[in-house]
Participant: 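Next up is a structure, given as structure tokens.
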Amino acid sequence: MNRRRNAAVAGISLCALFAALFSCTKVDNTVGSSLIPNDQQMQIFEDTVSGIDAYLQLVDSLPMTVTNYNWYYGCMGAKKDPVYGAFESGWLGQYGGASFYSSNEEATDRYGTAPVGDSICLYLTFESSLSSGDTAKTQTFNVYEVTKRLYVDSIYYLNHFDVREVIDPEPLLTFDYKLGDGTNITKRMTSDKAVALMNRLLKATTEMYEDDSLFVNEYKGIYVAPADNSPRDAAALSMLTTSASMQVYAHNFTDETATTPKDTVIGSYSFGAATYTKLMSLNTYKHDYTGSEIDPAKFNDTTSLGVPVSVGYVQGCGGVTSFLHFTKEFVENLKALKTSKNTAYKTLVINSARIEIGIDKPDIPALDAATTRLGFYTDYATFSPISDYPFELEVSQYNPVTLSYGGYMNRSRNSYTMDITRAIQVMADVSTRDYWIEVAPSFFEIYNPNKEVRLNTSNDPSNPLPLRVAVTYTLIR
């Protein structure tokens, strides 16, 4: 009997315990909030800030080479586009003696004893996926010998470098080519100029072949560009410099009497900057916007500022780019966020600031040709990025990082989105004034001749993506 009573009591106790555990209890979540000092209370908000205008620019002195960063493609050819106008390019490459082979597979000291040249050939490899324009049209190219030494640690600037001053005007070779002929081509050079170059290469000393700098002092490179009679509405072709080479075929003898032939020797000369530290590879570029939809009169109109453009452009290889003018009105609107919710707030902290720029007329061909990523710069001519886009950190040899900046094309939204939180925080903190951000290709696409994009830069509120910055911010009392 006592055992039953004890069990009943235990059951009642358990029911009471579960009822207490799972019953609804009203909790006061504000307990303790009164303990936060008034000068430390904060709230988070989201808003958009307008007051941005867009303009066009054309940089006059863009570097054609960048120390420590190699563009492994030579650009050559000419094309024409109704939007971007005419474009023409040539490639200048230095070379070094890479290797020597004998027909009897024996080790050879360069060309051996009393060598006699047989032929000299140029080997080029083109990349069809990085070529644009009418690639089915045949172009005529000239190959010139470079006569003035250029240095890999010097900077040569677009529009301030006249390639005619550093080459022999008489070509080593003239040849016709289109991509349909195959991406790998071999061209034998038979001109008197080419034969003279071959004979000079046969006589190069061992010391020259073992020292890149001494070799380039004597053999200064070649330059490949469209001939004057080549069509200007063809294509810009990209050639892989690491696969380009020049080869000399010669035969030698058993002794200096040159009476008994020994074997055939092939000397291979490489243009790969990755192989030789003293070799330079640079491209020359020319743009002409006559007859295109781009009005050169609007370039660099920073003094009067003129009329903002509703369509901006970004083009590589020293072509047209755009810049954003963050007006005093924008900065005033930004600063006004501090007191817009409550005049008691004293500090504005930007948690996130993003600007999204749409692609104008985003059909499939335009998206395929569009720049993969936009770069924001304080000075595009010197490749000085805004603080949110320290691109050199992305290629750090020891600790590469992924930037929150973004900037990549989003084909689903037909736009680019850039995180510019640091830049906007500076505008919020310092005195009210105008700010400028230059919009150009990302650093690693600056020399890509085949990527260009037309941007919708209208700040009209009816525009699906008007120029404005979306900010998430914290206000602190």
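These numbers come from a predicted model, not from an experiment. The figures that follow rest on heavy atoms only: side chains count, while hydrogens, waters and symmetry mates do not.
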Participant: Got a donor-acceptor contact below 3.5 angstrom from the Asn142 side chain to the Ala227 backbone?
Facilitator: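 Judged by distance alone, no pair lies under 3.5 Å.
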
Participant: For Phe161, check ring pair (Phe, Tyr, Trp, His ring centres under 6.0 Å) against everything at least two apart and list the hits.
Facilitator: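 For Phe161 the ring pair (Phe, Tyr, Trp, His ring centres under 6.0 Å) partners, ignoring immediate neighbours, are Tyr156.
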
Participant: Atom OG in Ser128, atom CG in Leu179: separation rounded to 0.5 Å?
Facilitator: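 If we round to the nearest 0.5 Å, Ser128:OG and Leu179:CG are 6.5 Å apart.
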
Participant: Could you check whether any side-chain N or O of Thr321 sits under 3.5 Å from a backbone N or O of Val314, counting only pairs where one atom can act as donor and the other as acceptor?
Facilitator: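 Flag not set: sc Thr321 to bb Val314 has no pair under 3.5 Å.
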
Participant: Just verifying a value: how many Å separate Lys328 NZ and Ser431 OG, rounded to the nearest 0.5 Å?
Facilitator: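 Going from NZ on Lys328 over to OG on Ser431, the span is 9.5 Å.
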
Participant: Is there a donor-acceptor contact under 3.5 Å from the side chain of Asn456 to the main chain of Ser458?
Facilitator: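 Pair found, side chain donor or acceptor close to backbone of Ser458.
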
Participant: How many angstroms lie between atom CD1 of Ile420 and atom CZ of Phe326, to the nearest 0.5 angstrom?
Facilitator: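 That separation rounds to 4.5 Å.
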
Participant: Just checking, is any N or O donor in the side chain of Asn351 or Thr472 under 3.5 Å from an acceptor N or O on the other one?
Facilitator: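 On atom types as modelled, these side chains do not qualify, holding no pair under 3.5 Å.
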
Participant: Ignoring hydrogens and geometry, is there a side-chain-to-backbone donor-acceptor pair from Glu218 to Ala204 under 3.5 Å?
Facilitator: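 Not at all, since once roles are kept as given, no pair shorter than 3.5 Å links the two residues.
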
Participant: Does the pair Glu293/Lys361 count as a salt bridge with the N-to-O cut at 4.0 Å?
Facilitator: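 Lys361 and Glu293: not salt-bridged.
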
Participant: Which of parallel (below 30°), tilted (30 to 60°) and perpendicular (above 60°) describes Phe444 and Phe391?
Facilitator: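 Ring orientation of Phe444 relative to Phe391: perpendicular.
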
Participant: Taking atom CD of Gln247 and atom CG of Leu201, what is their separation to the nearest 0.5 Å?
Facilitator: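 Gln247 CD to Leu201 CG: 12.5 Å, rounded to 0.5 Å.
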
Participant: Hey, can you tell me if His325 and Tyr55 have their rings parallel, tilted or perpendicular (30° and 60° cut-offs)?
Facilitator: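 Taking Tyr55 first and then His325, their aromatic rings sit tilted (interplane angle of 30° to 60°).
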
Participant: For a ring-ring contact (aromatic ring centres under 6.0 Å, His included) check, start with the C-alpha distance between Tyr269 and Tyr219, then their side-chain angles and the critical distance, and finish with the verdict.
Facilitator: CA-CA 11 Å; Tyr269 300 85; Tyr219 308 97; 7.8 Å; no

Participant: Yes or no on side chain to side chain contact (heavy atoms under 4.5 Å, CB included) for Tyr177 and Leu124, after CA distance, side-chain angles and deciding distance?
Facilitator: CA-CA 11 Å; Tyr177 176 73; Leu124 301 177; over 6 Å; no

Participant: Between Val224 and Val143, which heavy-atom pair has the shortest distance, and what is it?
Facilitator: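 So the two residues come closest at CG2-CG2, 4.1 Å.
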
Participant: Check the pair Arg232 / Glu88 against salt bridge (Lys or Arg N to Asp or Glu O under 4.0 Å), numbers first and verdict last.
Facilitator: CA-CA 8 Å; Arg232 260 46 190 177; Glu88 183 178 326; 3.2 Å; yes

Participant: State, to 0.1 Å, how close Leu279 and Gly96 come at their nearest heavy-atom pair, and which atoms those are.
Facilitator: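 Heavy-atom minimum between the residues: CD1-N, 4.0 Å.
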
Participant: On the 0 to 90° scale, with breaks at 30° and 60°, tag the Tyr447-Tyr285 ring pair as parallel, tilted or perpendicular.
Facilitator: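 Parallel, since the angle between the ring planes stays under 30°.
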
Participant: For a salt bridge (Lys or Arg N to Asp or Glu O under 4.0 Å) check, start with the C-alpha distance between Arg188 and Asp118, then their side-chain angles and the critical distance, and finish with the verdict.
Facilitator: CA-CA 11 Å; Arg188 182 176 181 182; Asp118 292 324; over 6 Å; no

Participant: Quick one: OG1 on Thr457 to CD1 on Ile357, what's the gap to the nearest 0.5 Å?
Facilitator: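 Reported to 0.5 Å precision, the distance equals 8.0 Å.
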
Participant: Looking at OG1 of Thr190 and CG of Leu173, how far apart are the two atoms once the value is rounded to the nearest 0.5 Å?
Facilitator: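 Reported value, rounded in 0.5 Å steps: 7.5 Å.
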
Participant: Please work out which of the three classes, parallel, tilted or perpendicular, describes the rings of Tyr377 and Tyr380, given edges at 30° and 60°.
Facilitator: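 Geometry flag for Tyr377 against Tyr380: tilted rings.
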
Participant: Can you classify the ring geometry of His251 versus Phe253 as parallel (below 30°), tilted (30 to 60°) or perpendicular (above 60°)?
Facilitator: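 Aromatic pair His251/Phe253 classed perpendicular.
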
